[in-house]
Colleague: 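Quick one: the structure is below, questions incoming.
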Amino acid sequence: MTDYANALIDNLPKAELHLHIEGTLEPEMMLELAKRNGVRLPYQNVAQVREAYQFDCLQDFLDLYYMGMSVLLHEQDFHDLTVAYLQKVALDGLTHVELFFDPQAHTDRGVSFETVLGGLVSALEQGHRELGISAKLIMCFLRHLPEEQAFDTLNTACKHKEHIYAVGLDSSEKGFPPENFSRVFAAARKAGFVAVAHAGEEGPAEYVKTSLDDLNVQRVDHGNRALDDAALTARLVREQTPLTMCPLSNLRLKGIPDLASSPVKKALDAGLLVSVNSDDPSYFGGYLNDNYRAVHQALGLHEEEIITLAKNSFASSFLEDKQKQKAMDKVDEVAKSLKANSGI
Ligand code: ADE
Ligand code: ZN
């Protein structure tokens with residue numbers, strides 16, 4: 001990797017658009033919260049937790065992800081989790097985040113929606129104040145649970161509309177097609193929420209299509225399998241629908257055999273509006289810049305492509321057009337000064 005490429009990855013301003021806050025729970029914090037809250041875990045130490053992080057597919061991961069988050073009980077826990085993430089990624093040059101949370105994974109075990117949201121909102125306010133990071137919240141519906149429960153969650157979210165920008169769809173994908181949630185998404189859009197959905201992570205290209213047509217999503221999370229379908233790819237290019245890809249996640253969940261098979265380069269070459277994100281960084285071995293470094297090395301990305309990925313992260317965001325432009329201009333400005341300093 002050239003010094004210039006390294007400097008770009010380390011220093012360019014970036015947005016993160018595909019990040020599950022519960023997936024930032026580091027083993028150290030998991031054990032600390034377990035102790036603080038008197039929750040029993042099947043692990044004695046950090047090494048045992050990390051050893052358990054071997055996944056053959058999305059479901060393997062989800063089983064541990066839902067178990068791990070059982071230590072999150074109080075508003076302070078959600079606050080601490082979110083502040084820890086923001087402090088880490090502030091060092092990665094992150095200036096804006098649109099983060100997912102999974103309320104049903106908490107309300108299902110007796111933790112109230114307000115406890116979760118209160119902790120996230122106070123942490124995001126602190127992150128804005130102290131680290132200069134702007135944020136939007138995306139509330140995901142768990143697609144393995146019934147439509148009725150998603151409606152209940154939506155009704156609660158409507159009481160907190162000022163804090164939640166968008167709705168999303170996550171959890172087990174295969175066998176749980178987007179159209180199961182057409183009515184929930186229609187109601188959410190009617191209530192004023194923007195829509196996104198995980199699609200084409202393990203599920204087929206068809207799920208990307210139905211996310212667009214039935215859920216009216218403005219952005220697709222992952223979207224890898226869309227590249228299997230030439231007509232769909234052409235449509236995504238034409239409509240410049242953002243795809244939030246997550247290379248290390250794909251590797252660890254065996255969606256790809258190696259990083260060289262990551263679709264990020266193919267997506268860039270096709271003219272798709274693709275960004276690089278970390279998904280569940282504590283579980284997948286890397287935060288935002290680790291994902292940039294991974295694709296740069298494995299795919300031999302040119303420096304210009306690193307700059308494009310950083311700009312795409314803002315272009316794909318839900319910032320207002322003026323803010324997007326300002327952020328993208330800043331990326332160019334920082335890249336230019338890094339180039340001058342690298343002597344290239
Ligand atoms: N929930 C957390 N991470 C997820 C992922 N990568 N896919 C689907 N659901 C998730
Ligand atoms: Zn995800």
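Computed from a predicted structure; not experimentally measured. In this chain, numbering begins with 1 at the start of the sequence shown. In each ligand, atom 1 is the first atom listed, and ligand 1 is the first ligand listed.
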Colleague: Quick check: does His18 have an N/O/S atom under 2.8 Å of the Zn ion (ligand 2)?
Modeller: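 Yes - counting backbone and side chain alike, His18 has an N, O or S atom under 2.8 Å.
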
Colleague: Drop me the distance from Leu8's CG to Glu304's CD, to the nearest 0.5 angstrom.
Modeller: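 CD of Glu304 is found 8.5 Å from CG of Leu8.
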
Colleague: Do Asn312 and Ser275 have side-chain N/O donor and acceptor atoms under 3.5 Å apart?
Modeller: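 On atom types as modelled, these side chains do not qualify, holding no pair under 3.5 Å.
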
Colleague: His74 and His79: aromatic ring centres closer than 6.0 Å?
Modeller: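 Ring centroids of His74 and His79 are no less than 6.0 Å from each other.
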
Colleague: Would His222 count as a contact for the Zn ion (ligand 2), in the sense that one of its N, O or S atoms lies under 2.8 Å from it?
Modeller: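 Coordinating: no.
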
Colleague: So which bit of Glu201 gets within less than 4.0 Å of ligand 1, heavy atoms only: side chain, backbone, both or neither?
Modeller: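 Contact part for Glu201 vs ligand 1: side chain (C-beta onward).
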
Colleague: Do any heavy atoms of Phe61 fall under 4.0 Å from ligand 1?
Modeller: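 So Phe61 counts as touching ligand 1.
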
Colleague: Any cation-pi pair here, Lys136 with Tyr165, using under 6.0 Å and within 45°?
Modeller: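 Yes, cation above the ring, under 6.0 Å and within 45°.
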
Colleague: Could you tell me if any non-hydrogen atom of Leu62 lies under 4.0 Å from any atom of ligand 1?
Modeller: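 Heavy atoms of Leu62 do come under 4.0 Å of ligand 1.
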
Colleague: Throw together a table of side-chain donor-acceptor distances under 3.5 angstrom for residues 48-57, partners on residues two or more places apart or in other chains.
Modeller:
{"unit_1": "Gln48", "atom_1": "OE1", "unit_2": "Gln44", "atom_2": "N", "d": "2.7"}
{"unit_1": "Arg50", "atom_1": "NH2", "unit_2": "Glu28", "atom_2": "OE2", "d": "3.4"}

Colleague: Got a sec: is Glu201 within less than 2.8 Å of the Zn ion (ligand 2) via an N/O/S atom?
Modeller: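 No N, O or S atom of Glu201 is closer than 2.8 Å to the Zn ion (ligand 2), so no.
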
Colleague: Looking only at side chains, do Tyr4 and Lys339 share a donor and an acceptor under 3.5 Å apart?
Modeller: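 Distance-only check fails for Tyr4 and Lys339.
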
Colleague: Only heavy atoms of His198, strictly under 4.0 Å: list the atoms of ligand 1 that pass.
Modeller: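 Listed by number with element, the hits are 5 (C), 7 (N), 8 (C).
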
Colleague: Any donor-acceptor pair under 3.5 Å linking the side-chain atoms of Tyr65 with those of Asp102?
Modeller: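 The criterion, which ignores hydrogens and geometry beyond distance, is satisfied for Tyr65 and Asp102.
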
Colleague: Compute the minimum heavy-atom distance from Ser171 to ligand 1 and say whether it is under 4.0 Å.
Modeller: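 Flag set, Ser171 near ligand 1.
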
Colleague: Got an N/O contact under 3.5 Å between Ser249 and ligand 1?
Modeller: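 No, since none of the N or O atoms of Ser249 sits under 3.5 Å from an N or O of ligand 1.
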
Colleague: Examine ligand 1 and decide if any of its atoms is less than 4.0 Å from a heavy atom belonging to His222.
Modeller: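 Per 4.0 Å heavy-atom rule, His222 contacts ligand 1.
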
Colleague: Find, among atoms of Asp279 that are N, O or S, the one nearest to the Zn ion (ligand 2), and state its name.
Modeller: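 The Asp279 atom nearest to the Zn ion (ligand 2), restricting to N, O or S, is OD1.
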
Colleague: Under a 4.0 angstrom heavy-atom cut-off, which atoms of ligand 1 come close to Tyr65?
Modeller: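 Near Tyr65, the atoms of ligand 1 are 1 (N), 2 (C).
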
